[in-house]
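Report on the structure given below.
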Amino acid sequence: MQAFTILQSRFVPLSIENIDTDQIIPARFLKATTREGFGENLFRDWRYLDDDAAKPRPDFVLNQPQYSGQILVAGKNFGCGSSREHAAWSLADYGFRVVVSSFFADIFTNNALNNGVLPVTVPDGFLQKLFSLDSEATLTADLNLQTISIDATGEAVSFEINSYKKTCLLNGYDDISFLLSCKDDIEAFEKKSFRVIEQNSRPLEFDSEYNLIGNHQHKKNNSKKFTSIY
Amino acid sequence: MGKSLFDKVWDAHVVKTIEDGPSVLYIDRHLIHEVTSPQAFDGLKKRGAGVFRPAQTIATADHNVPTMDQHLPIKEALSRLQVEALVNNCAAHGITLYGLGHPYQGIVHVIGPELGITQPGMTIVCGDSHTSTHGAFGTIAFGIGTSEVEMVFASQCVLQSKPRLMRINIEGALQPGVLSKDIILYIIARLSASGATGYFIEYAGSTIKGLSMEARMTICNMSIEMGARGGMIAPDDVTFAYLKGRPCTPAGAAWDEAVEEWRQLYSDADAVFDKEVDIDASVITPMITYGTNPGMGMGINEHIPANGAGDANFTKAIQYMGLTAGAAIRGHKVDYVFIGSCTNSRIEDLRLVADFVKGRQKAAHVEVWIVPGSKQVEQQAIAEGIDKIFTAAGFHLRQPGCSACLGMNEDKIPAGKYCVSTSNRNFEGRQGAGARTLLASPLTAAAAAITGYLTDARELLN
């Protein structure tokens, strides 16, 4: 994962609330089996008049040349709806490294952080101030200090991020490497907590003609004695 | 201090907690489908890692499958490749796949419960936000992104921060013609599309206790539509009766032991919640949405709110929907009716619709799609003769899949058309670019199919 420390950039204002992940990337563009190339369909149905990419909607911010930069500033409850990580991939692929809003949906927050995109939650008043700035204005997002500031005035607000995720992002570490390093703990946990129910609830196996070939219910239950874990 | 239902299940699954960070949460069951898994398999391959616990992962194909002629190759090349990638990935990693053509295939959140894969006290994840459905069984079930799918493949764990807890207490008798879908649409309208963000919900109260498992699933399914991580309901005799004898539930002595354990899954009397909400079920009427998020809903006989404050977001939504602020919605013409999705595609939904439409005909100008949630639901409907009732009414019974819920596969609603849908999201373009979605219960959808207009179904009840 790409590390993030500090970013100074102009920003793209999108003052719409409840931007769901179907707007960020519509479902019909989720058919790829790789993570690349989603940026071209970012905000597809707001960006283009139809599926013909030659006809951009002139009133949409991404089509207005005065707006640019690696920071997206959006209305509250950004990223709600579907869990599709393609939303984070499309923002990153388009070139955004920071999304600023007054409120983020939970799953989007995780997805963004797992892709080196920093979600920055700011008070609503500060968000409205950002929307009122002219298109030349630049912002600085500093992960170490946990602040975002308006460069022209120096006005800054701080934002929250848990220290584990902060460390990951500053260093470009990902969660999977961390979890792989926890294998011993996980196996010990399984030995301690694995339950009778688990051992008797495996999915059924079929052959290629859909005939049942494995059924746990007919196997002898020789598991350890039942002890409750609750 | 007593423990909540959530705490009991959560605490039993924490491997360890990172200081000032998330917990390593053990996952009992991982459900996967073709859309959000290929990049995770790809990532695993790049790391040289394998699937740690393949027997705890179950796959199906649902989002991107056609709902007609499923025996033929998928026409659209990218969709076909995605479904084929799932087949190959499952074969390579020893994962059980109930794929296209399999008698157990269906929408991932329909097949989990119907096969008994979903059981009380489990942790269940899936790369799909409606994983909250499984919470109806007293599980901690939530949607995850593809990086997290890869984490579960690699370690059978995810990193999760403990959410805050909200209990929604629902008391009172439902009016005739009011379904569990109306309850959840009412709650979301009260709390808004972001009102439960950061929370995990427990639904409790006498109204919930009186619902069937399938009705409870409809409620938990839409928890995410108010931003909640998930929603759960304490298991009871209704739950155990539903699960007994399902293909993947324990049998014999193991069943009795399981029930004994599951009976401990409830919130203690002195459990503390970060927020409690009380709902009077007796005042709920058939609901309909008028806007572009599920929180923009109201009783079907109410008027769309006026936009006195000139809220730009509200204006945008109403313009997209082609509706008028302050106007009535009842009587509005309908073009499509979609009865399906992980919210409302189970056999009880189909039975209820069949019972309502028996002897009636759809309005000539309406296209009606009934999409069963699984092969088993489809076969059950045929066995009960429900298919013939639909055919006689002019409804089109299709094959299992997510269908027109998400505008991804071949089933899309054309731009500008109005669709009364039993699904879960009315976002702009959700059912197809430019499509206008009105979320409702299966009964309200069936009534719209018959009259061709938004109708209070209670007036057509015998």
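So you know, we letter chains A, B, ... as the sequences are listed, proteins then strands, and number each from 1. Values in this document were obtained by computation on a predicted structure and should not be read as measured data.
Contact of A:Asp185 with chain B is made through backbone and side chain together, with heavy-atom distances under 4.5 Å. In this structure, the portion of A:Asn77 lying under 4.5 Å from any heavy atom of chain B is its side chain and not its backbone. Of the two parts of A:Thr167, neither the backbone nor the side chain holds a non-hydrogen atom closer than 4.5 Å to a non-hydrogen atom of chain B. Proximity to chain A is limited to the side chain of B:Arg425, based on heavy atoms less than 4.5 angstrom apart. In this structure, chain A has a heavy atom under 4.5 Å from the side chain of B:Glu76, while its backbone stays farther away. Heavy atoms of B:Ala433 lying under 4.5 Å from chain A belong to its backbone as well as its side chain. Interface remark: B:Ile224 contributes side-chain atoms only to the contact with chain A (heavy atom separation under 4.5 Å). At a 4.5 Å heavy-atom cutoff, the contact between B:Ile144 and chain A is made by backbone atoms alone. Contacts of A:Asp175 with chain B are made by both backbone and side-chain atoms, with heavy-atom separations under 4.5 Å. Only the side chain of A:Gln23 comes within less than 4.5 Å of a heavy atom of chain B; its backbone N, CA, C and O stay farther away. Neither the backbone nor the side chain of B:Val149 comes within contact range of chain A; no heavy atoms are under 4.5 Å apart. For B:Asn313, the part lying near chain A is the side chain, with the backbone staying farther off; criterion is any non-hydrogen pair under 4.5 Å. Proximity to chain B is limited to the backbone of A:Phe104, based on heavy atoms less than 4.5 angstrom apart. If you measure heavy-atom distances from A:Phe108 to chain B, you find no contacts under 4.5 Å at all. In this structure, chain A has a heavy atom under 4.5 Å from the side chain of B:Ser161, while its backbone stays farther away.
Rounded to the nearest 0.5 Å, atoms CH2 (A:Trp89) and CG (A:Asn114) are 11.0 Å apart. Atom CG of A:Asn115 is separated from atom CZ of A:Arg97 by 10.0 Å, given to the nearest 0.5 angstrom. Atoms CZ and OH, from B:Phe427 and B:Tyr320 in turn, are 12.0 Å apart once rounded to the nearest 0.5 Å.
In terms of heavy-atom proximity, B:Val152 sits nearest to B:Val125 at CG2-CG2, 4.0 Å. Across B:Arg430 and A:Ser82, no two heavy atoms sit closer than the pair NH1-CB, 4.4 Å. Closest approach of B:Asn89 to B:Pro38, counting heavy atoms only: ND2-CA, 4.3 Å.
For the set B:Leu406, B:Ile18, B:Leu78, the entry with the most heavy-atom pairs within less than 4.5 Å of chain A is B:Ile18. Annotation: maximal heavy-atom pairing with chain B below 4.5 Å, among A:Asn18, A:Asn110, A:Ile16, A:Asp106, occurs at A:Asp106. With respect to chain A, the highest number of heavy-atom pairs below 4.5 Å among B:Gln156, B:Arg47, B:Gln160 belongs to B:Arg47. When A:Asn111, A:Asp22, A:Leu180, A:Asp174 are compared by the number of non-hydrogen pairs under 4.5 Å with chain B, A:Asp22 comes out ahead. Heavy-atom pairs under 4.5 Å with chain A were tallied for B:Asp42, B:Thr36, B:Asn64, B:Asn409; the largest tally goes to B:Asn64. Most heavy-atom pairs under 4.5 Å with chain A: of the set B:Val158, B:Leu97, B:Val14, B:Leu44, this distinction falls to B:Val14. Among A:Ser83, A:Ala88, A:Ala105, the residue with the largest count of heavy-atom pairs under 4.5 Å with chain B is A:Ser83. With chain B as partner, the option from A:Ala32, A:Ala87, A:Pro26 having the largest number of non-hydrogen pairs under 4.5 angstrom is A:Ala32. By number of non-hydrogen pairs under 4.5 angstrom with chain A, the leading residue of B:Gly101, B:Ala49, B:Gly434, B:Gly21 is B:Gly101. Counting heavy-atom pairs under 4.5 Å between each of B:Ala85, B:Gly429, B:Cys157 and chain A puts B:Cys157 at the top.
Between the side chain of A:Thr33 and the main chain of B:Gln82, no donor-acceptor pair closer than 3.5 Å is present. Judged purely by atom type and a 3.5 angstrom limit, B:Asp28 uses its side chain to pair as donor or acceptor with the backbone of B:Thr123.
The environment of A:Lys129 atom NZ is sparse: at most 12 non-hydrogen atoms of other residues, nucleotides or ligands sit within 6.0 angstrom. Other residues, nucleotides and ligands contribute over 12 non-hydrogen atoms within 6.0 Å of the CZ atom of A:Phe126.
Relative orientation of the B:Tyr98 and B:Tyr104 rings is perpendicular, given thresholds of 30° and 60° on the angle between their planes.
Using a 3.5 Å distance cut-off with no hydrogens or angles, the side chains of A:Asn41 and A:Tyr48 do not pair a donor with an acceptor.
Between A:Arg35 and A:Asp93 there is no salt bridge, since no side-chain nitrogen of the basic residue lies less than 4.0 Å from a carboxylate oxygen of the acidic one. At a threshold of 4.0 Å, the pair A:Asp45-A:Arg28 counts as salt-bridged, since one of the basic side-chain nitrogens sits closer than that to a carboxylate oxygen.
With B:Phe52 as the aromatic partner, A:Lys183 meets the cation-pi criteria of under 6.0 angstrom to the ring centre and within 45 degrees of the ring axis.
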